[in-house]
Amino acid sequence: MNHTRTKSDHNKINTKEEDNNPPDTNFIKQAIEEDIASNRFDSRVHTRFPPEPSGYLHIGHAKAICISFGIAENFGGLYNLRFDDSNPITEEHEFVEAIKRDVHWLGFDWEDREFYASDYFETLYEYAIKLIEKEKAYVCDLTPEQMRSFRGTLVEPGKDSPFRERSVEENLTLFKGMRDGEFPDGSRTLRAKIDMTSPNLNMRDPVMYRVLRSPHYRHGNNWCIYPTYDFTHGQSDSIEGITHSLCDVQFEDHRPLYDWFLESLEIYAPRQIEFARLNLTYTVLGKRKLKILVENGHVNGWDDPRLPTLAGMRRRGYTPESIRDFCNRIGVSKSDNLIEISQLEYSIRDDLNRRAPRVMAVLNPVKVVIDNYPEGQVEMMDADNNPEDENAGTREIPFSREIYIERDDFMEDPPRKFYRLAPGREVRLKHAYYITCENVIKDENTGEILEIHCTYDPETRGGWAEDGRRVQGTLHWVSVEHAVDAEVRLYDTLFTEREPENSADGTDWVKYINPDSLEVLDDCKVEPSLLDGAPGNRYQFLRIGYFCIDPDTSTEKLVFNRTVALRDSWAKIQKGQK
RNA sequence: AGGGCGGUGGCCAAGCGGUAAGGCACAGGUCUUUGGAACCUGUAUGCGUAGGUUCGAAUCCUACCCGCCCUGCCA
């Protein structure tokens, strides 16, 4: 048969299963492939992730980790975890433990390749002496203010420091004096002698060492001078034999300096490649801002489930697999980006849909009495744990004359397309029976619905009618007698603005914190099987969303966090009807 | 203004001179014991703008416009 292939034919042939895979290449992988082809690093691939232990890791770091470690895995290479700890003022041991925990949780194993830039301080000191001897570094006595004015501006060149031409001997003596504690904090620096007229400000004789009497969390009072990032990072990469030093684009104009130090020192030189950092709608990423949220009490600690920290997301119920999937899907490029939160939600729903056991929980209960059901009778109903997973098995759920259903699942005067319970209407109770609403009992004064009275059809056990009649709606429920009380914490975005840091009128992102980002429901009723759950366990509450057990759970009270709601097409219809 | 880097649909992102992949979102629909999931269909005569080179340009050239980063002894 002779027929032209149309676009729809094409789509049928390529099923979503095949098309759904994220692209398996990006500009960094291409660059590495070229280096392998040209044998630039003896065909090795060795990357690193260099966090500073001054805060918790967030989803933006996850992107960086997935890129650096993921690429090393792809090429059968190695990856190091290196703490970039050259500023004792902001760094703490607590953070190194938290970072290690989070990277492991993400599923990466750096084996014995755990390093600390601070362990290279002695080598770095020797490197500095080497540069002094090569007349490429000098001790400068300028105060911070003076140094700033000598640096020039974006459009005006800087001026040479009056201390720039000190002799090698004098520099050596002075630098040793710095190390030996002979000079007060901030009084002198060691600077690279490069070019005060460079259009790249980073090349205008950048500081290599500062005098700073602050105990280091790892080395105590061993040092009173500390190297700067620029004099630490590249050399650390070099020492570890890193081939590709992947970092975010803000370091792009540090690359000439990175290369300059390595070349001047005549040591092994890795290749730095930069990519765009992650931005997410309705949140902030960035160490300082997260720190403010935590320290000023806007949230309850680094692991607050509303935070984009890995600790927060873990507590919220995100799986490491979903975060990795998200990082793969968003791709790698150099362009500024703002990823929609729905992209992240897609990844977690997709993962949990396949893995999370289904349970029934009523968040906002209203009582239903089934008048024709025998009083005192209890039936155990079979329920599949996960229709997406045939190996998930089944469990039994107690059914009785009085049950709770969701208040939202009943309407006295239902609008069009409302498929749930209403006077005279028959619906299915999931895994149980068809019930028909006969009447409701309301509070005389407030009009609040107290009880809904129904009858059930004994011929519909399991949720099927012999005569083949259909019902439009299926409700979840919990037996009153067997219900377990629970607290459920619902989360909304932490900010009300899509771009809190960059909104139309304001500069103060803090004022866009969402006052309703946390809603606590403390009268929830859940099925008894949940009593066996442990903190961290994830579930799908049927028809509602994905939830996990919070560590705040005690023997007295179950506490759940909503990870993400199920997609809700009824909510959309309602919106449209308004 | 000097330097660096970016600009492909609402949000991401392929594309690497041969006639605009894919994902998310959105809109319809099929199916359904979750209004979930799954499945199907639709959504850029267009690649920041204007010129130019070429049989042919998102890809090459020129100019211009817009955005981000850089004036810490932070990383």
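In what follows, chains are A, B, ... by sequence order, proteins preceding strands, each numbered from 1.
Annotation for A:F275 and A:V332: closest pair CB-CG1, 3.9 Å, computed over non-hydrogen atoms.
The CD atom of A:E406 sits 12 Å away from the P atom of B:G35 (whole-angstrom rounding). Put simply, CG on A:D409 is 14 Å from C1' on B:G36, counting in whole angstrom units. Atom CZ in A:R255 sits roughly 11 Å away from atom P in B:G4 (whole-Å rounding).
Taking atom P in both B:A21 and B:G9, the straight-line distance is 14 Å, to the nearest Å. B:U19 sits 15 Å from B:G56 when the P atoms are compared, rounded to a whole Å. A distance of about 13 Å separates the P atoms of B:G36 and B:G29, rounded to the whole Å. For the P atoms, the distance linking B:C60 with B:C47 amounts to 15 Å, nearest Å. On the P atoms, B:U71 is 34 Å away from B:U59, given to the nearest whole Å. The same atom, C1', is picked in B:A13 and in B:G7; the two are 14 Å apart, to the nearest Å.
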*asked:* Pair A:F163, A:L142 - check side-chain contact (heavy atoms from CB on, under 4.5 Å), show working.
replied: CA-CA 8 Å; A:F163 307 98; A:L142 255 26; 3.6 Å; yes
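The residue among A:L566 and A:R461 whose nearest nucleotide of RNA chain B is located toward the 5' end is A:R461.
For A:S118, the side-chain contact (heavy atoms from CB on, under 4.5 Å) test picks out A:D85, A:Y116, A:F121, A:H216, A:R218, A:H219, with sequence neighbours left out. Listed by chain and number, the residues in a side-chain contact (heavy atoms from CB on, under 4.5 Å) with A:E340 are A:T281, A:S342, A:R498 (sequence neighbours excluded).
Put simply, the side chain of A:I397 reaches to within 4.5 Å of the side chain of A:M360, judged on heavy atoms. For the pair A:E92 and A:P53, the minimum side-chain heavy-atom distance is 4.5 Å or more. Side-chain contact check for A:F49 versus A:N80: every heavy-atom pair is 4.5 Å or farther apart.
Residue A:R349 places none of its side-chain N or O atoms closer than 4.0 Å to OP1 or OP2 of B:G36.
For A:F560 and A:F547, the ring centers sit 6.0 Å or farther from each other.
Identified under the side-chain hydrogen bond (donor to acceptor under 3.5 Å, both in side chains) test for residues 151-164 of chain A, with sequence neighbours left out: A:R164-A:D205.
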Its dot-bracket string being built from Watson-Crick and G-U pairs below 3.5 Å, with | for another strand and [ ] for crossing, RNA chain B has the pattern .(((((((.[[[..)..(...]]].(((((.......))))).....[[[[[..)....]]]]])))))).....
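Side chain of A:Q30, nearest nucleotide from B:G15, B:G36, B:G35: B:G15.
Across all strands, A:Y433 comes closer than 4.0 Å to no nucleic acid atom at all (heavy-atom distances). The residue A:P256 sits apart from the nucleic acid: no heavy atom pair falls under 4.0 Å. Contacts of A:H476 with the nucleic acid, taken as non-hydrogen atoms under 4.0 Å apart, are absent.
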Its contact letters, B for base, S for sugar-phosphate only and - for none at protein heavy atoms under 4.0 Å, make nucleotides 69-75 of chain B read -BBSBSB
With B for base contact, S for sugar-phosphate-only contact and - for none (protein heavy atoms under 4.0 Å), nucleotides 6-12 of chain B reads S---BSS
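B:G23 has no stacking from A:Y346 on its base ring, since the centres under 5.5 angstrom apart and planes within 30 degrees of parallel are not both found.
Taking the six-membered ring where the residue is Trp, A:Y125 and A:F175 present parallel rings, their angle staying beneath 30° rather than reaching 60°.
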